[in-house]
Every structure is written in structure tokens, then in C-alpha cells.
Amino acid sequence: MNVPGDLKYAKTHEWTRISGNKAKVGITDFAQHEITDIVHVELPEIGKQVRREQPVAVIESVKSAFDIYTPLSGKIVEVNDIVLSTPEIVNKSPYEEGYLFTVEFENEKEVENLLSADDYKKLV
Amino acid sequence: MEKLLNELSSDCKAAYDLESDIEIKAQIPENLKRNLSLDLPSIAESDLLRHFTSLSRKNYAVSTTFYPLGSCTMKYNPLVNERIAKFDNFNKLHPCQDEETIQGVLEVMYKLEKDLCEISGMDCFSLQQAAGAQGEFAGLLIIAKYFKSIKQKRTKIIVPDSAHGTNPASAAFAGFDIVSLKSESDGSISPAKLKEVLTPEIAAIMLTVPNTLGTFERNIPEISKIIHENGSLLYYDGANLNAVMGVVRPGDMGFDVMHINLHKTFSTPHGGGGPGAGPVGVKAFLEPFLPFPRVESKGPKFVLNYEKPESIGKLKSFFGNFPVMLKAYAYIKSLGAKGLKNVSEQAVLNANYMLARFKDKINIPAGNRCMHEFVLSPKALFKNGVRTLDVAKRLLDCGYYAPTVYFPLIVEESIMIEPTETESKETLDAFVDTLVKIIREETSLEPQKLKDAPVNTPVGRLNEVEAARKPILKWE
Amino acid sequence: MDYTSQSQRDRKEMFKAIGISGINELFSVIPEDLRAKELNIAGGKTEQELLNYFSDIALKNKILTSFRGAGIYDHFIPSLVCEVVGRSEFWSAYTPYQAEASQGTLQAIFEYQSLICALTGLATSNASLYDGATATAEAALLALRVSRKSKILISSALHPEYIQVVKTYLENFKAELVFLDVSDGAVKKEILEANLDADTAAVIIQSPNYFGVIEDMQTLSVVTKRKDSLFVAVVNPLSLGVFKAPGEYDADIAVGEGQVLGSSMCAGGATFGFMTVKKALEWKMPGRIVGQTVDKRGNRGFVLTLQSREQHIRREKATSNICTNASLNALAGCVFLAGWGSYGFKKLAEINISKARYAFSKIKSLEGFKPKFGEDKVFFNEFVIETIKDVKKINKVLLENNILGPLDLSETEKTFKNCLLFCVTEQRSKFEIDRLVEILSKI
């Protein structure tokens, strides 16, 4: 199972890649494996204000649907449209092409509260 | 491979034709006229008949095979009921005919309601709802309206995690928030845990009795007391009523609202997914809220009463699915009180017989006895990566429809079996032998056979992932 | 009769296998004080007795020559439709959850979806809903969900039962329903413009409407789109043989009652409701959907798909609570649509128009009868006539002649006093129409 060391993680299996005041968000390799074949993704609207741990996206397999929570509060500034037409990309490349959205976060403190790669490994 | 209708189509053919004894003259103004080509197939009647006959043969049905589908009560659908429902004097009636010309329809509805009251211990029923889920929806709207009428703000419904998916969906549809209650390993409700989630905002709890693991909720008197002391109501999901007719009555046990699936307990066929009917029963204090119209008797006549100012309104146009009501009523008339009780006893006997035969061979999480259905948990016996899905598909190869799998959600790799009362001992024996062989022998010796299954069906295992990723939802 | 299959000997052997001496032991978990008394239900009839009993009840109903529509119509049903829906492999099957053992039902639904899409001109159909009224309510809910707006404009000429069902379904949603005036028989563009605003989630227009009038859907749809609202068309599928398809006027959702496609009237149900939507809305649609796929060997096959929208997976977050729908009636619709061919289907619609026109011109020329709406109004197979005669008496006299007369609109629409809603389908012969006119002329 792949858990890149340079990312921050949430207990609910989302990862974030911080760059300035923006964070890219996706689901972990562990999560995509558990969900199995992803067939559909719903993404938040651009511009939407979100609170930490609020469900903002949905990932669906044939027989189940999972809420995806934003790890950070702020504004959705960009979404990855590619996963809408090719949802399997989330299975194939959860940390790169299969990311979900970018959030412009407000509170640096929330970043500190996220898990490190080692902590996340212990969790799963 | 079966052709599609558009592939069968060729020029200038049709199965039906019609002539008019009045000159056909239809001048349509340009702005209202259809310009899009119709693109309906052109197929001769004999070819069309063969097409659909061929399709019908690709179905497993109650009339062709044992259908031990847990929670669905796939019992034999008596042919005489189908015959009665085809009578012209039922079929060729317009719903807006004067009451005096549809007295037979109203009589059937009136008497069916009375019989359902007697069977369930409720005070009155609305027959209008088209299916179990719509029955739940109506029942929950009634609950909402009742609390509104007594000016109480109750916004939440408790739903056990073992419940059918329609329960939380219907509650949400009716505008409630859901409080999920964790059930015990045998599917029962712990009164202590119930108390923990109980607040003044709780409008009702929805219970399925027997529950989806096939066990009777022994704590009902206590649950009823706790719920009613909280000012909340008790809802009975009648999906499993087949286990308890003439044995217990929801109304006597303290339930305030319930629905019944006529297409389960009362033998009306499922039609490949409907139409059904989901009558809603209530205690007298909730009667004003039932959907209108209500059928009432006035001397020797039956009349329709639309004057129900507190009613939740209408759930469906006209009276609901009348033929379904008619078939259910015919079923009740063929059984009578004794027959109905015998149905439940035999359904429970058949299930327990199967369970006894499975016992010691496959794990049964909810114990040694059950009501009309039971859940197997074969996970510990699985080898070589075999899963319940593979077992289900292998059963299709053996000529059986598969039981319900992966439900209830609280048992991993579950297999839920409901034999119903209409199956013979020989059928039950043969099925048990087959399933035990698959799970205990084939998973070890021939795992590939399971993973490759089904091979005896019109198509092999279908790719559901691609179907959802790249949806093709009509002819291309 | 109780349809069980065990002999006394079987039962004894089963008791032995379970380790009980009698059936009561199986119910021992149920406390004695909860047990039911013996039920008071008459029955125990043999098949023969049952047939006689229901023949007697059936005779208390009267089959009439119908000039009444208002949502349920007397149409011709080909024998092939009866044969196919009469096959027990179809009617005694369950919802096709085990796809490989349900290819018959699944392919039939796929064909049904294709035919309904062809008819309405929209991209995606579901596998059916309960009826036209609930399909309309589901369309309203779909629009609220997608748009996140809260107002719905509804034509007052939407079938009154549909309006009631929509109200019931939306009771506990924060939605405002605004009804558009139709006093001259159809929704005027100006009325729609006056009521439409940025908070309008959807505009619901029925055509032909409750009064039989064909609405100018093209114009109303164009107006609706100005505020990014969804245009919901409630249509009679038979009328689409000649009138504009929802896809042609850019409707977002088309719904309707499928009874006219091969289901008998049956006192109003069972029938089926249909829903088709634009591609962008397909993941938001309620109800089952069948999709094409391949099996392990690459053969074409069909499965239930986009299932994560549904209650058995999404539970309280599902797009609808619907589970059982009206599959068998949708099958009837499929077989009905498959057999006419494009030419025949169009002709069927034209016969309806022609016969209704014939009756209309005869009735309106009678003394004391006149059209309620302007002559510019186009209708399909229903029309409204205003009379100075006693409406109750008209229907009483017609009933004495075994005719189900027109619907007295004053019963449901207070503003339509002395108005009669006539319906003439292809089932009515010239002789029957002439006879109706003759009786009317003598009242």
C-alpha cells in the first residue's frame, strides 16, 4: 500500500498536498482499494465554502457510495473534471491524476492537526 | 445472442394495424407538430411474439424454479387470482365511473380493508399506495401530520441498522432526519441502547418484525412502553408479516402505524419488479390523516368519501393498484382464518427445517431457531478467494434463483433464505444439499467452477463495473 | 385452499429433524400474552367457489361505452400485449437483481427505455415509476435536488390528481408551489413570464393538458430557460405520434402516464409512469435503470446499473425511496410500442384526433352546447364543451343508455361550471359517436 511521505492525511482516508494557502485533496491508495472499482464521482461546486470534515464529494462503486470529507475549511477553487468522465483514474492514480479538488484553506492550524504519513500507516 | 428490437426491425412491417370508420384528417399546426422521426421498430407479429417469448425463457421465475429470496416472500402466486383479475367486469372500468356502477370494486376494497384490519389488529387501512416503499412514505407522512396536529416538533425517526434500505430512504423522503440504531448480533433491539438515542425530537421508531435476521423481537412490550412513554410512535414494517399471521397482530403489540406488502404476504406476483401494493394501517386516532378517498359503507351500498380535511392527501392517482388488491382479497378468501394461520406456521416450519439441516454445516449467526427466514454466514468456510457472490452465481447454474446476498448489512458475506410455505420438502431438501455441497466441497475442490459461474444461464457473469462507468442505457 | 405443499408425513419428518414435537414449539419465543385470538375471517373457498364468488362481485360493476378520459383512457390493446404480459416467466419473476437469471426482464426493460427515449426524444429513461402522478412528483423533487432552488411553477391545467400527489410528495420539503392561470384553456407566455424568477427550480406543464388542449411547449420552454429553470413536460405518450416531442423543445425532464400504452383501465391502476431526462441528469434520476454490458465471454447482456442512486445502497441519501415500480405494465408498454411501427403509431394518434374532431364538431353544433375555449386551441382526444343544459341530467340519461358520459368539470374545477370534458379514442365507432350526439340532442 502506497502512503507518500510528503502528504498529510485525514482519519477518513483523504490526503492533502499543501502548496501555499491551497491544498489538493484526494483519497488514499488504501481507500481506493477498499472501495474497489470506482464507477462514479460527484464533486463540489467551484466557489463553495466548506467546513472541515464536511462531506463535499461522493465516490461510488457498483454496490456502495462513500462520502468524501474535506480535511480543511475554506473555499473550493478547482475540481478535477477528469474523474467525472473517467472515474477509474481514482483507482489507478489516487495521488496524482485521480485527485478530486483543490481547497483554498483559511486556517493553518487545521493543517497541523492532520496526520503524517507514518501516523496514517499506523491507522490503517 | 438475443437480437434487440431495433436489430429485428426492417422496413414497412408492423404487428398491429387499425382502421377508422371516420376519415383520418389530422392537421397539426407547424409549431406543434412532431418533426423528430419516430424511429419505432418495424416487426411482424409472429417475429415479435417469438422475440418476447424467447426473452421470457431467459427469466427464472416462481413458475419455473425455487426462488428462496430472503425478505421477498416469493411464494406461489395462485393462478386463479390471475384469472379473476382478468374478468372484463373488473378490467374495463373507468375510475371516474359513478359509484353505483363500480359497486363490485368498492366492495372488494372495503372488505379487503376489513380483513387486513382483522389480520393486523389495526383499526383502518388505506389501500392506495403502489408499493411497500410508498406505504412507508405514507405512514411517515401520517406520523408527521399527527405531530403537527398536536403541535409537537418531532423531526427524527429511529431506524435500526438491520432495516431494509427503504426505511431510511422513506423517512428522509418524508422530511425526517434518521437516527441509526445499532442492532444486536441476532438483529434484535436492545432497550438500553434504544433509551440512549431517545430524545423529545423522536417521532417514531421503525421496526421490522420478525427482523431481517429472521428472529422475533422479544423485547417488543418493553420497546413499546419506552417509545410511548416518550410520546413517540411505533411503526411496523410488514415486509415479514408472512411469519406471524394468526399468531400475533402488530396492533395488539402496540404498533400505531404499519404497512403491508400485498405482493409478498398476500401472494400477488412481483411482475419482474411491480406493480405491487403497500396498504397502510393505523390505529383509530390516526384515521383522519389517511389518504383520501376512503371507501365507506352506507346501508347496502359502498361510497367514496373525499371529505378528509386532515388527510395527508393523495399518494397515487385514483384508488391505487386495484388488480393487486383484488388478487390479495381472492387469496384471503381462499384461505380464511385457518388457512392464513397455516400459511405462517408452514412458512416458519419450512424455514426451521432448512435451518436444522444447515446447522452444524454452515454458521448461522442468529441461533438455532428462526421465524420464516434465516441468514447464513459462510465466511469462515470460504477458501481460495471464493465469496458469497460466487456461491450465488453457482446456484443459478444448479437451476435455483439465488437467495438474497449481502443483506442484512450487519452480517458479512450473508446469505438470506426465505423458503415460504408453498415449497415442498423435496424442494427444500434438494436445495439444502446443493448449497451445502457448493459451500463445503466445491469451494475447496473446485473454486474455479464457482468463480466462473454461471455457465448454464443465457449469459455468463456480467460486467457491472463497465456498465456503470460507461453507461449504455438504450439502443445505440 | 392454502397452496402449501407438505403432507402430514412430511410435517412429521420435519418436526423430527428440527427436534420438536409440534408446530407450537417454533413460536415459543413469542410471549403468550402477545398471541392473537383466532382471526375472524371467512374463507376456505375452493377454486371453483372462488371463481363463482368473484363472478358475482364483478357483476356489480358495469362496463360502459366510455366518452370519459381525464387521465385513464379506453384504448385498444393488441392480443400480443396480453400474451406477453400473461407469461408467468415475466409476471412471477422478482426485480432482476440476479442479472444472469433475469435477462428476459432486463432486456425487455432496456428495450422499453430505448422506446420511451425514441418517443420523447430525450437521452435517458428509467425502468418505470408507479404512475403519471408520482412521476410528476418525482420530477419536481429531481428539479429541487439539482437546482437547489425552491420554487416550482405548475400549470393549473395539470391533472388535479397529479397536483394533489405533487403536493403530498413535497409536503415536507421547503418548496413553494405556484400555480399558473389557465382560464382560457392553456398557459399563456405572459403568465409564465410574470411568475418566473431566479428562484424557480422548474416549470411543470402538461400537454395535452387536463382540458385536452395542446400547449405551446416550444414557447414556454424558451421562456423557462431564461432563468436557468428546468422545463418539465408532462405528456401523453400516444399524442407524441403527431405532436412535438419533449426533446424537440429542449425539455429537461419528460414524464407521463403509460396506461395508454397497453394497460387496461382497471378502475385506474395498475398502470405505469415513465420518466426521461437529459444526459446530464441521469445520475440524479429516481428509480431503476438497466444498462447494457458484456459477460465474461464478451456476449452482450443487461444489468441494473447506476445503482448507487438507489435506496438499497444509499439508504437515506437515495434519490428516491422507490423500490418496487410498475415493471409488468412497463413491459406492456414496451410490447405495445414495438408493434405499431412508426407509421402505425402515428396513424393511431391521428385516428384519435380525427374521431375526437368529428365528435367535437357534431356536439358543438347542437343547440345549447358550445366550445369552452377559442377555436384556435388544438386538442388531441379530449375537449371541453360548455352547455346550458343540466349537466347531471346529461350523464344520468347517458348512463341509462350504458354510456359513460363526459366528466363534469364543475366537480373538480369551480371555475368550470356547466363544462363537460369529453374524450373520444380510436375505440369509439362512428355509430357510437352518432348515438351519443343523438341522445345529447334530445336532452
Side-chain angles (χ1 to χ4, degrees), chain B residues 14-16 20-21 26 38-40 42 52 55-56 58-63 84 87 89 91 93 95 101 103-104 130-131 133 165 168-170 172-173 175 178 249 269 271-276 313-314 317-318 321-322 334 336-337 339 346 353 356 424-425 457 459-460 462 467 472 474-475, chain C residues 1-2 4-5 10 14 18 39 41 43-44 54 57-58 60-62 78 84 87-89 91-93 95 100-101 103-105 114 118 130 133 161 164 168 172 264 267-270 291-293 295-296 301 305 311-312 315-316 318 321 324-328 339 341-342 344 350-351 353 430:
Chain B
Y16 326 132
S20 173
D21 52 6
L38 253 173
D39 281 342
L40 295 176
S42 299
F52 283 107
L55 285 187
S56 77
K58 297 183 173 191
N59 268 0
Y60 288 24
V62 173
S63 71
I84 290 166
F87 286 175
N89 279 44
N91 244 305
L93 303 173
T101 65
Q103 282 295 307
S170 299
F173 222 49
I178 316 302
R249 307 196 307 169
K314 290 210 68 156
S317 32
F318 309 111
N321 289 338
F322 176 70
S334 67
Q346 193 65 52
Y353 174 68
S424 68
K425 180 170 172 294
T457 45
V459 290
L462 292 157
I472 303 171
K474 60 181 182 189
W475 308 324
Chain C
M1 285 295 293
D2 68 5
T4 57
S5 309
D10 288 336
M14 292 165 86
I18 300 169
L39 300 179
I41 290 181
F54 282 96
I57 293 183
K60 297 175 189 171
N61 300 319
K62 209 164 173 188
V84 174
R87 289 193 74 91
S88 64
E89 296 92 330
W91 60 251
S92 75
T95 301
E100 298 84 358
Q103 284 299 296
T105 295
S114 307
Y130 306 132
E161 298 241 344
Q164 283 163 345
T168 306
N172 296 313
S264 54
Q292 180 181 313
T293 186
D295 72 0
K296 280 184 168 177
T305 192
Q311 49 76 28
H312 62 286
R315 297 178 79 86
E316 66 267 26
N321 70 335
T324 288
N325 49 29
S327 199
L328 198 67
S342 302
E350 286 173 344
I351 294 177
I353 293 174
K430 180 169 182 297

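Quick note on labels: first sequence line is chain A, next is B, and so on, each numbered from 1.
Annotation: maximal heavy-atom pairing with chain B below 4.5 Å, among C:Ser5, C:Ala93, C:Gly341, occurs at C:Ala93. For chain C, the option among B:Gly313, B:Ala337, B:Ser42 with the highest count of heavy-atom pairs below 4.5 Å is B:Ala337. With respect to chain B, the highest number of heavy-atom pairs below 4.5 Å among C:Gly301, C:Gly344, C:Ala133, C:Ala118 belongs to C:Ala118. Heavy-atom pairs under 4.5 Å with chain B peak, among C:His312, C:Glu350, C:Gln311, at C:Gln311.
Residues B:Leu55 and C:Gln103 fail the side-chain proximity criterion, which asks for heavy atoms closer than 4.5 Å. In this structure, B:Asn89 and C:Lys62 have side chains that are not in contact, with every pair of non-hydrogen atoms separated by 4.5 Å or more.
Heavy-atom distances place the side chain of C:Arg87, and not its backbone, under 4.5 Å from chain B. When heavy atoms are compared at a cutoff of 4.5 Å, C:Thr305 approaches chain B solely by way of its side chain, counted from C-beta outward. Contacts of B:Phe322 with chain C are made by both backbone and side-chain atoms, with heavy-atom separations under 4.5 Å.
Here OH of B:Tyr60 is found 13.5 Å from OG1 of C:Thr105. Values are rounded to the nearest 0.5 Å.
Side chains of C:Ser88 and B:Ser63: a donor on one and an acceptor on the other come within 3.5 Å.
Partners of C:Asp10 according to the side chain to side chain donor-acceptor pair (under 3.5 Å) rule, which considers only residues two or more places apart in sequence or in another chain, are C:Ser7.
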